[in-house]
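Below: the structure, in structure tokens.
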Amino acid sequence: MRKLKININNISKKFGDKIVLNRLDLKVFESESLAIIGESGSGKSVLTKCIDGLLSFDTGTISFDQIKNIKNLSFLQMNKYMSKFGILFQNAALFDSLTIKENLMFANKNDNFSEILNEVSLPKSILKEFPSNLSIGVQKRIGLARAILQDPEILILDEPTTGLDPIIGKQINILIKTLVKKKKITTITVTHDMESVYEFSDYTAFIKKGKISWYGRSKDINKNGNLSLKNFIKGIY
Ligand SMILES: Nc1ncnc2c1ncn2[C@@H]1O[C@H](COP(=O)(O)OP(=O)(O)OP(=O)(O)O)[C@@H](O)[C@H]1O
Ligand SMILES: [Mg+2]
């Protein structure tokens, strides 16, 4: 039986006159990996930021376990709520002036990072480096390690493979698959990369014009009758 974790109901979000999310509905189930796909500017990052509390939304409700609507949380409750999430941001978002060790210490002060570095296939010598000396692929691994070190209830991965060459992208997809499936963390991945969908996402939601225009099992995605989604998969958008 699938267990409902996050219920997004009828949420809308606009910036000025621009409507980004338009009465959008989506459910996230415990221990499942969900991909959110859609063209650039369709509101994928905004949607995840509404879910993890980084952005407020205008109308509608987001419930999380017993919390009926996260919009009603007090400042302190919101801080606690946000700590449930481990986030890999679109650009990895490491602190440039801090070493990798110091970056990881933001997530967990009591770890010596041996196990997590092993899990993301990086040597321990990386701890003394600065982010700017590392390739974007390595920075994303560190971002992923930092997100997982927080022991999150929900992992949010925003474009984990964008900007990487296909070989490194594939390595990262396999790595995420191993981590997500082993730990059974509820995961939301925003992506343009269909390999991420096929490799480690149980379900996929396709966002279009501020709404979820297709939702289903990732393995059924090529059987869909949704023309916009078909074009998206072919890379025509
Ligand atoms: N803080 C903000 N202020 C104003 N407009 C914003 C803000 N954040 C996002 N937007 C706008 O909302 C729309 C959706 O942005 P969002 O970043 O969610 O797109 P996306 O689907 O993640 O795109 P991409 O695939 O390029 O990352 C865009 O038109 C963007 O310019
Ligand atoms: Mg985005």
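Whatever order the structure lists them in is the order used to number ligands and atoms, beginning at 1.
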*May I ask you to say whether Lys181 pairs ionically with Asp202, meaning some side-chain N is under 4.0 Å from a carboxylate O?*
yes

*Examine all N, O or S atoms of Ser45, backbone included, and report whether one is under 2.8 Å from the Mg ion (ligand 2).*
yes

*Which residue, Ile172, Thr191, Ile87, Thr187, forms the side-chain contact (heavy atoms from CB on, under 4.5 Å) with Leu157?*
Thr187

*Does one hydrophobic cluster hold both Phe113 and Leu134, with members joined at side-chain heavy-atom distances below 4.5 Å?*
yes

*With atom 22 (O) of ligand 1 as the reference point, say which of Ser45, Ser40, Gly41 has the nearest heavy atom.*
Ser45

*Answer yes or no: does an N/O atom from Phe15 fall short of 3.5 Å to an N/O atom of ligand 1?*
no

*Run through Asn7, Ile11, Ile212, Asn10 and flag the one making a side-chain contact (heavy atoms from CB on, under 4.5 Å) with Asp25.*
Asn10

*Considering only the protein, which heavy-atom contact is closest to atom 31 (O) of ligand 1, and what is its distance?*
Lys18 CE, 4.9 Å

*asked:* Which of the numbered atoms in ligand 1 are under 4.0 angstrom from any heavy atom belonging to Ser42?
replied: 19 (O), 21 (O)

*Any Lys49 heavy atom less than 4.0 Å from ligand 1*: no

*Establish whether Leu54 and Leu155 are linked, either directly or via other cluster members, by ILVMFWY side-chain heavy-atom contacts under 4.5 Å.*
no

_Under 4.0 Å from a heavy atom of His192: which atoms of ligand 1 are those, numbered in the order shown and with their elements?_
25 (O)

*Can you sort out which atoms of ligand 1 are near Glu39, meaning under 4.0 Å from one of its heavy atoms?*
21 (O)

*asked:* Going by side-chain contact (heavy atoms from CB on, under 4.5 Å), Val197 matches just one of Ile37, Asn173, Thr189. Which one?
replied: Ile37

*Minimum-distance protein heavy atom relative to atom 25 (O) of ligand 1*: Lys44 NZ, 2.7 Å

_Ring centroid separation Phe95 to Phe106 under 6.0 Å_ = yes

*Pick one of side chain, backbone, both or neither for how Gln90 approaches ligand 1, counting any non-hydrogen atom pair under 4.0 Å.*
side chain

*Per-residue contact class, Val20 against ligand 1 - non-hydrogen pairs under 4.0 Å*: side chain

